[in-house]
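What follows is a set of notes on a single structure, which appears directly below.
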Amino acid sequence: MIEDGRALKDDFIPLEVEFRNQELNRLSEALAPCLEGGTPENTVIYGPTGTGKTCIAKYTLNQLQDEAPDIPTQYINCWQDYNKYRTVERLMEGLGEGDAIQSRWMAKDELIVRLREELDRPYIVILDEIDQHQEPEILYDLYTLPEVTMILITNRETQLFHRLDDRVTSRLRGAPRLKLTKYSSAELVSILETRARWALSPDAIGDTELEFIAENAAGDARVAISVLRSAATYGDRTGAERITERLIEEAIPGAREELRQQTLEKLDGHQLRLYNIIQEHDEIKPGDLYAAYEERSEDPMTRRTIRNYLNKMEHYRLIESSGRSRAKVYSLVTDE
DNA sequence: GGTCCACAGGAAAGATAGGGTC
DNA sequence: GACCCTATCTTTCCTGTGGACC
């Protein structure tokens, strides 16, 4: 059934991005000046997950590189490269200067100086999940580099700005902002149709089944594509010739489990222990959670470290919390 | 309304690990 | 191999918040 699985991958960039023409045009306009030696505009893209923020940013940079291969670009996920050092490391890599960094020997400030020296032409950088950066002052450092143009991606615009100091906020306030909203069911069907045409054998899936996936994805293209991928994989495994509604229903839990397992693999022993304790309870108070964790650990981490771990797991959407102060409880995320 | 206390999260210091220099 | 420099992770200390109880 699957003929070319690439089109079903999360990081696949399609030849054409559907239903985002206005946003693509605005982003292209913001970057266009660099083609004529001018100064492009920094841009902020925000909206819920699965609305195509990363996709339109990467797509626009691909287009730009087709026109001007000499202009270097770089994609940085600030959840993975969350401190200044790693971010600048990635920036150097984007300039083909990754080898210039001799491990930890080079201090952060020295790295910035090195980056400044290497910049002799426009450099366009996507900073994805910028609200998750642990040292948001990096934006000020980058702002002082006239060659660097930033495309900042965040889920919530307010989360980004409330963490920035006034110098950066005042400068970014004037930057173009692109707000992306969730896809409608009809839009998701069209996106899925295109992906299915690329990835699957002809007639592997019909309109009714695509609509069924779209309705279950609640406007999130990432979820919709993940379910399609899971259904097709499951169909291949079981020898089915077509993806049916029943196959999709069977594949949905698998798609969710796949995403959950991928995330669980990122946790260390202490974090997994916390996850297991929460899993054993419908809801658990932070104090009770720590007591249970302490009981099961030979060398337990402190409460402060555990709070950091729990924040990380909440961000991964593995657990969630409700209530505040003494009324606070943790539970597993079950709605995805 | 006042007090208590669980809880969150920032800041600074300490511990650890990786790699370079002599 | 000892020492130095660095980033990263963890701990300690502290303050602010807000729910529970009287």
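Just so it is clear: chains get the letters A, B, ... in the order the sequence lines come, proteins before strands, and each one is counted from 1.
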- line: To the nearest angstrom, the CG-C1' distance between L111(A) and dG19(B) comes to 15 Å

task: Return yes if the base of dG10(B) and the side-chain atoms of R307(A) contain a donor-acceptor N/O pair under 3.5 Å, otherwise no.
output: no

message: Just the rounded figure in Å: distance from P of dC9(C) to CG of N311(A).
response: 15 Å

message: With nearest nucleotide decided by heavy atoms, which residue, D288(A) or R304(A), maps closer to the 5′ end of DNA chain B?
response: D288(A)

query: If you look at every strand shown and take non-hydrogen atoms under 4.0 Å, does R86(A) touch a base, only sugar-phosphate, or nothing?
result: sugar-phosphate

- request: Select one nucleotide: of dC7(B), dT17(C), dT11(C), the one nearest the side-chain heavy atoms of R324(A).
  value: dT17(C)

- prompt: Taking atom C1' of dT10(C) as reference, at what distance in whole Å does atom OH of Y290(A) sit?
  reply: 12 Å

field: Test: R307(A) cationic atom under 6.0 Å from Y309(A) six-membered ring centre, within 45° of axis
entry: no

field: Cation-aromatic face contact R20(A)/Y183(A), 6.0 Å, 45 degrees
entry: yes

message: Can you measure E89(A) atom CD to dG19(B) atom C1' for me and round it to whole angstrom units?
response: 13 Å

query: Can you find a side-chain donor-acceptor pair between T233(A) and S230(A) that sits under 3.5 Å?
result: no

task: Counting heavy atoms from C-beta on, name the nucleotide in dT8(C), dG19(C), dA8(B) closest to the side chain of Y330(A).
output: dA8(B)

- request: Can you figure out which of dA20(C), dT8(C), dA8(B) approaches the side chain of Y82(A) most closely?
  value: dT8(C)

task: Would you kindly give the OH-to-C1' distance between Y309(A) and dC9(C), to the nearest whole Å?
output: 8 Å

query: Atom CD of E135(A) and atom P of dG10(B): how far apart are they, to the nearest Å?
result: 13 Å

field: Non-hydrogen atoms of I248(A) and I213(A) that approach each other most closely
entry: CD1-CG1, 3.7 Å

- prompt: Y75(A) ring centre to K58(A) NZ or CZ under 6.0 Å, with the angle to the axis within 45°?
  reply: yes

- request: Round to the nearest Å and state the distance from D81(A) atom CG to dT8(C) atom P.
  value: 10 Å

field: Nucleotide nearest N83(A) when distance is taken to its side chain, options dT8(C), dT17(C), dT12(C)
entry: dT8(C)

message: With a 4.0 Å limit, can you tell me whether K328(A) has a side-chain N or O closer than that to the phosphate oxygens OP1/OP2 of dA8(B)?
response: yes

task: Between dT8(C), dT10(C), dA6(B), spot the one nearest the side chain of T305(A), thanks.
output: dT10(C)

message: In whole Å, I'd like the distance from the CD1 atom of I306(A) to the C1' atom of dA6(B).
response: 17 Å

query: Per the atom types in the model, does the base of dG18(C) pair as donor or acceptor with the side chain of S325(A) at under 3.5 Å?
result: yes

